[in-house]
Trainee: 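First, the structure itself, so that you have it in front of you.
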Protein chains: 4
Amino acid sequence: MAESSVPTLWSGAPDSTSVNRQQRRRGRKLSDMMSYTAQVISENGYHMASLDEIAERMDLSKASIYHYFDGKEALVTATLESCASYVQQRLQEAAASDGTPTERLAQLIRTQVNLIAVEAVEVARLFVQPLDWPPAIAETVLQAQRDHGKIFRDVIHEGVVAGEFQVADERIARMALQGGMNLVPTWYSDKLGGKRGAVVVEDITSTLMRLVLPITSPIQA
Amino acid sequence: MAESSVPTLWSGAPDSTSVNRQQRRRGRKLSDMMSYTAQVISENGYHMASLDEIAERMDLSKASIYHYFDGKEALVTATLESCASYVQQRLQEAAASDGTPTERLAQLIRTQVNLIAVEAVEVARLFVQPLDWPPAIAETVLQAQRDHGKIFRDVIHEGVVAGEFQVADERIARMALQGGMNLVPTWYSDKLGGKRGAVVVEDITSTLMRLVLPITSPIQA
Amino acid sequence: MAESSVPTLWSGAPDSTSVNRQQRRRGRKLSDMMSYTAQVISENGYHMASLDEIAERMDLSKASIYHYFDGKEALVTATLESCASYVQQRLQEAAASDGTPTERLAQLIRTQVNLIAVEAVEVARLFVQPLDWPPAIAETVLQAQRDHGKIFRDVIHEGVVAGEFQVADERIARMALQGGMNLVPTWYSDKLGGKRGAVVVEDITSTLMRLVLPITSPIQA
Amino acid sequence: MAESSVPTLWSGAPDSTSVNRQQRRRGRKLSDMMSYTAQVISENGYHMASLDEIAERMDLSKASIYHYFDGKEALVTATLESCASYVQQRLQEAAASDGTPTERLAQLIRTQVNLIAVEAVEVARLFVQPLDWPPAIAETVLQAQRDHGKIFRDVIHEGVVAGEFQVADERIARMALQGGMNLVPTWYSDKLGGKRGAVVVEDITSTLMRLVLPITSPIQA
DNA sequence: GATGAATGAGGATTCATTCAT
DNA sequence: AATGAATGAATCCTCATTCAT
């Protein structure tokens, strides 16, 4: 009802470059709709989220969705792309920071854990595993995961080249890292909120950094 | 591939204690049906797997499924429980072997990676993430995951008590370990089949063992 | 017969208080749907009336029924309640008329016989016996019968108190009365239509009034 | 399980003339099966009584029913005919007794009320109203009702001819009588069991006799 | 005589999508 | 822009019936 209290999961300001008010209003509407969609899908999964339910959450009629999106798949695809884009942006900021590969990888892990477990829990859940998506959407998810992986891959590679990391196989290390990041915070999400959360995040980070740091030296997160 | 021979994913010999031929035949039938079910669900997910499709794969009429199971949910629940039970048994064997916690954890990882990526790829995929299951089934999956986690938890704890492992937080370490195991082999499954597969499995194992081994000593998988 | 004109069995004007046109249109649609439902159920019984058949009679797709009612049971329950409510209203009018209990009971009988055998044959058939309804609906039927019985009970009781009626047991008398009313006109419906019908109705009424009138005085219907 | 404790509703000894033991055994089996069928149908109605349920009550497999009857309809038809035949026989005995038409009609009512409400409650419920039976079976029910009605019709007619009864219309009187008999005991069945039951039966009988007795004389039940 | 297995026909229900207003 | 109405397609499930053993 109160459009103002839309829980913008990833605070997307998608079309801030829109010129006139019309377009800006429409952009905000689209953003809100995707936000609600992410919410519902995240709670119930794709197949158990009916358009009726999504529409109701939007306080809009089901038919009206078709004024903005071509259908359920289009709505969800757009939502996923928007989510992925936001996450991607956040991670890229972390990866682009100054510092050694070690510092930057640790920062990446912190950022990702925070996103998954604190800032955008629902969003993250959408990308964890490509199980049960309709084929067309699965492709979108896969692409997002590839983009997402690339950021980590690059930093890890830099670290290896720089001699800071020591891994048997870069790809295996990266996937173990990602697998760990995906699973840990999901089950820890209740403990990551308050002040003590910061400590836990550091525990997670240092634990996962073990996967790449040379095993004979102490971990420097 | 060979539709005629039942692809017993987890080579379940469920009711070998059945006395008469009737019961044994029925037990085998049930086992076959669950095997096909695991296959189809694993490929398409719960919601996109229609009973029609499952029935056809079983070379049986849809109505016939109801002679053996109470409905779709019951069929899938039974299948999941059977799969979980088999995996559980395999892991328990690995965990119960002689050897130091280090050796046993490494053995656990090897076993799990093999199951996930070589022996029972389809089975494993069923348990990775509880995203889109109907509530009743989600509970089953969750329970299986708890049982599964307990085996790792125990060995890790023993290792810590024995002074062989050194972790900031046992639970975080365990989850990172499980997350890594779940993710890595799924994407590596094509490379884990042949002889070189053994090498990769060892790479994965040694990589993941880093998560618990004391960081100042070289890894001994 | 004339599919185009809705055969409003009980001329229900259910929501005449609806304010805007939207609501009035919807109310009329609901009323029509219930009317057709009463017809089909009355002809075939609950279990042999498929939603397909009902929908076709409504000249509507089966799925469309679900826009107005939650399902078959809801549709039928609503229909029964609407029917019962109409009958109840008609009887209450008859019971509330001026006159001695004798006159009012006779009027009740006439009204009921007319409803059952002339005006709302199909409607009446729905309430005669709760034999084959699904439990949830059986409850509705039972409630309607209780309401229905109360009207007769009250008038009979007044008659007894006033000394006009003389019965061994009020409840037995009332049930005999209702049983007679329910059965007689159903088999006489072909003879109750024309002018001679009025005579038959009076025969029925005077016959049934015997059940309560003092046996030493002539019946005065 | 205990075949001996079959609740033979109408104590049918259908084929007592069977010569050899084989046939007698088969006859008893058929009788038992029909008895259970009457029970289940009476409880749930025709459509909600699945063959599975009936078979289970018989402690027999569903398929076995087909060794004795051609199908569900045949089973139910046979059951209904057997029930009707038993009731018919009982009523005929009552109608054939010595005595005036008044006495015999009263005896008929007593017998019928007893059957409906005490001796064969389930059986009676099957015949009350032809609602919801499949067409083929409805015909059987109708025929039974016609046979049933004939007994009452004859006695009433004799009473009228003899000058004992005084009715406006014989048929109307008879139907009112039957309607009353059908309805009253169903709701009174809990009160008709013990000693006080006899009193109630007399109340019912005297109440219903009013429908035919001359209105200026006291009722003599 | 008895039964487990198998099935076709049919029914209720859901849902994404279209369209007139 | 917004929506109520309508629907075809798909899905789960039931059940009377047949048949091989």
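In the text below, chain A, chain B and the rest are named by the order of the sequence lines, each starting its count at 1.
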Trainee: Applying the Watson-Crick and G-U wobble criteria at under 3.5 Å, what pairs with F:dA1? Answer none if nothing qualifies.
Mentor: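 Because no pair has both required distances under 3.5 Å, F:dA1 counts as unpaired.
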
Trainee: Mind checking whether C:Leu75 and C:Leu51 have side chains closer than 4.5 Å, heavy atoms only?
Mentor: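 Side-chain contact under 4.5 Å: yes.
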
Trainee: Starting from the 5' end of DNA chain F, give me the residue, D:Ser50 or B:Glu73, whose nearest nucleotide shows up first.
Mentor: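 The residue closer to the strand's 5' end, by nearest nucleotide, is B:Glu73.
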
Trainee: Just how far, in rounded Å, is P of E:dA5 from CG of B:Asp32?
Mentor: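 Atom CG in B:Asp32 sits about 14 Å away from atom P in E:dA5.
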
Trainee: Can you check whether D:Glu73 reaches D:Tyr46 side chain to side chain, under 4.5 Å on heavy atoms?
Mentor: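 Counting from C-beta outward, D:Glu73 and D:Tyr46 do come under 4.5 Å.
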
Trainee: Could you measure the distance from the CE atom of B:Met58 to the CE atom of B:Met34? Nearest 0.5 Å is fine.
Mentor: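 Here the rounded value is 9.5 Å.
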
Trainee: For F:dA9, what is the paired nucleotide under Watson-Crick or G-U wobble rules, both distances under 3.5 Å?
Mentor: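 Paired with F:dA9, as far as the under-3.5 Å criterion goes, is E:dT14.
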
Trainee: What's the closest nucleotide to the side chain of C:Ala63 if the choices are F:dC19, E:dT14, E:dT7?
Mentor: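 Per side-chain heavy atoms of C:Ala63, the pick is E:dT14.
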
Trainee: CD of C:Glu56 versus C1' of F:dT7: gap in Å, rounded?
Mentor: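 Distance check: C:Glu56 CD to F:dT7 C1' gives 15 Å.
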
Trainee: Applying a 4.0 Å non-hydrogen cut-off, can you work out what D:Arg26 is touching in the nucleic acid: base, sugar-phosphate, or nothing?
Mentor: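 Sugar-phosphate contact only - D:Arg26 comes under 4.0 Å of backbone atoms but never of a base.
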
Trainee: Taking the side chain of B:Gln22 as heavy atoms from C-beta outward, which of E:dG4, F:dA16, E:dT13 is closest to it?
Mentor: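 Per side-chain heavy atoms of B:Gln22, the pick is E:dG4.
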
Trainee: Which whole-number value in Å describes the distance from D:Asp52 CG to E:dT3 P?
Mentor: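 Rounded to the whole Å, the gap is 13 Å.
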
Trainee: May I have the distance from D:Leu30 (atom CG) to E:dG1 (atom C1'), rounded to whole angstrom?
Mentor: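 Distance, rounded to whole Å: 13 Å.
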
Trainee: Tell me the interatomic distance from D:Met48, atom CE, to E:dG11, atom P, rounded to whole angstroms.
Mentor: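 Between P of E:dG11 and CE of D:Met48: 16 Å.
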
Trainee: Over how many whole Å does the gap from D:His47 atom NE2 to E:dA12 atom C1' extend?
Mentor: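 Those two atoms, NE2 and C1', are 16 Å apart.
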
Trainee: Is the phosphate of E:dT14, meaning OP1 or OP2, less than 4.0 Å from a side-chain N or O of A:Lys72?
Mentor: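 Looking at the OP1 and OP2 atoms of E:dT14, neither is under 4.0 Å from any side-chain N or O of A:Lys72.
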
Trainee: Which one, E:dT7, F:dT17, F:dT7, comes nearest to the side chain of D:Tyr66?
Mentor: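 Nucleotide nearest to D:Tyr66's side chain: F:dT17.
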
Trainee: Decide yes or no, distance alone: a donor-acceptor N/O pair under 3.5 angstrom between the base of F:dT17 and the side-chain of D:Lys62.
Mentor: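 Check passes, donor-acceptor contact within cut-off.
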
Trainee: What contact category does D:Ser64 fall into here, base, sugar-phosphate, or nothing, at under 4.0 angstrom with non-hydrogen atoms?
Mentor: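 Answer is base: heavy atoms of D:Ser64 come under 4.0 Å of a base.
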
Trainee: Looking at every strand, decide which applies to B:Tyr68 at a 4.0 Å heavy-atom threshold: base, sugar-phosphate, or nothing.
Mentor: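 Result for B:Tyr68 = sugar-phosphate.
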
Trainee: Spell out, as yes or no, whether a donor-acceptor pair under 3.5 Å connects the side chain of D:Thr37 to the backbone of D:Met33.
Mentor: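 Present.
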
Trainee: Specify the separation, in whole Å, of atom CD1 of A:Ile65 and atom P of E:dA16.
Mentor: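 In whole Å, E:dA16 P and A:Ile65 CD1 are 9 Å from each other.
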
Trainee: For B:Ala49, report the nucleic acid contact type (base, sugar-phosphate, nothing); a contact means any heavy atom under 4.0 Å.
Mentor: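 Sugar-phosphate contact only - B:Ala49 comes under 4.0 Å of backbone atoms but never of a base.
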
Trainee: Could you check whether atom CD of D:Glu56 has more than 12 heavy atoms from other residues, nucleotides or ligands sitting under 6.0 Å from it?
Mentor: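 Open.
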
Trainee: So does C:Ala49 get a backbone contact from the side chain of C:Lys72, meaning a donor-acceptor N/O pair under 3.5 Å?
Mentor: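 Yes; at least one donor-acceptor contact below 3.5 Å.
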
Trainee: Would the base of F:dA1 count as contacting A:His67 through its side chain, where contact means a donor and an acceptor less than 3.5 Å apart?
Mentor: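 By the distance-only test, no, there is no pair.
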
Trainee: Using atom CZ of B:Arg24 as one end and atom P of E:dG4 as the other, report the distance to the nearest whole Å.
Mentor: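 In whole Å, E:dG4 P and B:Arg24 CZ are 18 Å from each other.
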
